[in-house]
Amino acid sequence: MTRSAFHQITVSPGVWPSPHLLDRLRPLTQRPLLVLNDWPAPGSDAFLSITRTDALLAGWKDRLDADRLGQMPTLRYLGLRATSTDRVDLRYTARYGITVTPIHGYGDVGNVEFVIEELLRHAHHSGATRTELAGKRLGLVGYGNVGAAVARVATALGMTVAFHTPTPRHGPPDGPQWATLPDLLRNADYVSFHSPAYRHVARLADLRLIASDTLVIITTLGLPAPPEDFRSWQQSRTGPVVLDLCAADGLPDDLAALPGIRIHDLYAARTAESVRRAEHQMLANLEANLNLL
C-alpha cells in the first residue's frame, strides 16, 4: 500500500524552495517540514532533527558524501533538484538502499537562450560594426538535449554547426555534422561547451587549436578542462570566455580574474519557468516514492 506521507522531509540549503513548493510538501511529511538554511552543526537542535529524516530534497551544490548521508540513518529517499548526481556518494546510497532521483531537462530552455544571447551579443557589440551570425561556424562540444537545441536555433539563424561527441554520429546532410575535437576547435568561429558535469573533455593542446579571438561559451557544471590548462590557454589569447554561475562553480580566483573571462551573475538554467518545472518534477518524484518504508 502506498503511504500518504514520509515521516520526516528535510529540504537542504541548495533547493531554494518557493513558497508553493513548501506548501505542497507539508502534507507529505508527518513531522513538521524541516527547511535548512545551512547544514546543521553536530549537537544542535537541527542536527537532531535531521537524524529522523527519511526523505531529503537537495540541490546540485549540496555535498552528499558518506559522512553527511550517515548523519541521516533512516534516510530512504534522496530527491535532487539537479540533473547531475556527481556530488552524491552513489556507493553509499546503493549500499543502504537509498533511492536517488534527479530531474531532467528543466533548465534546457534557459541554457539555450543564454548561449544564443551571448552569440548575438558578441556579433552585434564586440567590434566597431555589427556583424551577423549567418555564415559563421559554431562548434558544440557535447550534443545532448541542450547542445542539439542550440544547434537547431543556430542553424535557423544561418550558422554552420559542427558538434563533437566521443562516439561519431551521422547528422543530416543539411544539418549539424559530427567532427573530431581537433577539427571542430580549429575551424569554429564560436565554441560552446555542453559536456557532462565536471568532466575534463579538453586539454591544453586541444584548447590551443581555438583561434585566439574566438568567443567561447561555457554553461557546463565546472570547467571542461583542467584548471592549469585553462589558465595557460587563456593567458595566451585575446578572445573572451563567457561563463554562467554553474560553469564558474569552484573557479579559482586567479582564473576568474584573467583578462577575457566574463562571469555572469546568474545561472543560465534558472528562469521563472524552469523553477516551476524543477519543482513539479521534484514533487512528482517524491510522491512516486511514498511507499519506500
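Along the sequence shown, residues are numbered consecutively beginning with 1. This structure is a prediction, so every number in the text was calculated from the model and none was measured.
- Using modelled atom types, no side-chain atom of E132 and backbone atom of H124 make a donor-acceptor pair closer than 3.5 Å.
- Heavy atoms from other residues, nucleotides or ligands lying under 6.0 Å from CG of N145 number 12 at most.
- Under the 3.5 Å distance criterion, the side-chain polar atoms of S274 are matched with a main-chain donor or acceptor of A269.
- Here R95 contributes atom CZ and D89 contributes atom CG; the two are 10.0 Å apart, rounded to the nearest 0.5 Å.
- The shortest side-chain heavy-atom distance between L286 and Y77 falls under the 4.5 Å cut-off.
- When atom types are taken as modelled, the side chain of T220 and the backbone of H194 share no donor-acceptor pair closer than 3.5 angstrom.
- Within the 4.5 Å cutoff, side-chain heavy atoms of D62 are placed close to those of W39.
- Scanning all heavy atoms of the two residues, the minimum distance from C246 to T219 falls at CB-O, 4.4 Å.
- By the 4.5 Å heavy-atom criterion applied to side chains, D54 and Q8 are counted as neighbours.
- For the residue pair A41 and F47, the shortest heavy atom distance occurs at O-CB, 3.2 Å.
- Counting heavy atoms from C-beta on, the side chains of V146 and V115 never come closer than 4.5 Å.
- Residue-environment remark: CZ (R277) exceeds the threshold of 12 foreign heavy atoms within 6.0 Å.
- Linking Ile, Leu, Val, Met, Phe, Trp and Tyr whenever their side-chain heavy atoms come within less than 4.5 Å leaves L184 and W178 in two separate clusters.
- S18 OG to R24 CZ: the interatomic distance, rounded to the nearest 0.5 Å, is 10.0 Å.
- To the nearest 0.5 Å, atoms CD1 (I50) and CD (Q71) are separated by 4.5 Å.
- In this structure, CG in D254 is found 4.5 Å from CZ in R231, a value given to the nearest 0.5 Å.
- Between the Q281 side chain and the H104 main chain, a donor and an acceptor come within less than 3.5 Å of each other.
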Apply side-chain contact (heavy atoms from CB on, under 4.5 Å) to L258 and Q235, showing your working.
CA-CA 7 Å; L258 286 176; Q235 286 174 333; 3.7 Å; yes
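- V141 and L181 make their closest contact through CG2-CD1, 4.1 Å (heavy atoms, listed as atom of the first residue, atom of the second, distance).
- In this structure, CD1 in I103 is found 6.5 Å from CE in M282, a value given to the nearest 0.5 Å.
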Could you walk me through whether Y106 and T83 pass the side chain to side chain donor-acceptor pair (under 3.5 Å) test, one step at a time?
CA-CA 9 Å; Y106 72 98; T83 59; over 6 Å; no
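- A pairwise comparison of heavy atoms in N285 and P102 identifies ND2-O, 3.3 Å as the closest pair.
- Side-chain N or O atoms of R237 include one that pairs as donor or acceptor with a backbone N or O of T214 at under 3.5 Å.
- No continuous path of ILVMFWY side-chain contacts below 4.5 Å connects L34 to L48, so the two sit in separate hydrophobic clusters.
- At a threshold of 4.0 Å, the pair R121-E118 counts as salt-bridged, since one of the basic side-chain nitrogens sits closer than that to a carboxylate oxygen.
- No side-chain donor-acceptor contact under 3.5 Å links N289 and T99.
- Using cut-offs of 30° and 60° on the angle between ring planes, the pair Y267 and W16 is tilted.
- Considering all non-hydrogen atoms of both residues, G139 and A188 come closest at N-CB, 3.9 Å.
- Side-chain N or O atoms of N111 include none that pairs as donor or acceptor with a backbone N or O of D108 at under 3.5 Å.
- For the pair D249 (side chain) and L221 (backbone), a donor-acceptor distance under 3.5 Å is absent.
- A salt bridge links R186 with D183: the distance from a Lys NZ or Arg NE/NH1/NH2 to an Asp or Glu carboxylate oxygen falls below 4.0 Å.
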Determine, step by step, whether V275 and R270 satisfy the side-chain contact (heavy atoms from CB on, under 4.5 Å) criterion, reporting the C-alpha distance in whole Å, the side-chain angles of both residues, the deciding distance to 0.1 Å, and the verdict.
CA-CA 6 Å; V275 169; R270 188 173 176 83; 3.7 Å; yes
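- L223 and V191 fall within a single hydrophobic cluster, where Ile, Leu, Val, Met, Phe, Trp and Tyr side chains are chained together by heavy-atom contacts under 4.5 Å.
- The shortest heavy-atom contact between P226 and A202 is CD-O, 3.4 Å.
- Although no hydrogens or angles enter the test, the distance criterion places a donor-acceptor pair under 3.5 Å between the side chain of S212 and the main chain of T238.
- With S126 contributing its side chain and A123 its backbone, the two residues share no donor-acceptor pair below 3.5 Å.
- L119 and F114 fall within a single hydrophobic cluster, where Ile, Leu, Val, Met, Phe, Trp and Tyr side chains are chained together by heavy-atom contacts under 4.5 Å.
- If you chain together hydrophobic residues whose side chains sit under 4.5 Å apart, L56 and L283 never meet in one group.
- For E228, the CD atom is densely surrounded, since the number of other residues' heavy atoms within 6.0 Å is greater than 12.
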Applying side-chain contact (heavy atoms from CB on, under 4.5 Å) to V11 and L21, what does each step give before you reach the verdict?
CA-CA 10 Å; V11 182; L21 176 61; 5.7 Å; no
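- Under a cut-off of 6.0 angstrom, the local environment of NE2 in H264 is crowded, with over 12 non-hydrogen atoms contributed by other residues, nucleotides or ligands.
- Taking CZ of F6 as the start and CD of Q30 as the end, the distance is 10.5 Å to the nearest 0.5 Å.
- V109 has its side chain out of reach of E273: every pair of non-hydrogen atoms, C-beta onward, lies at least 4.5 Å apart.
- Looking at heavy atoms from C-beta onward, D65 lies in side-chain contact with R68 at the 4.5 angstrom threshold.
- Between W233 and V216 the shortest side-chain heavy-atom distance falls below 4.5 Å.
- Here the side chain of T29 pairs a donor or acceptor atom with the backbone of I9 at under 3.5 angstrom.
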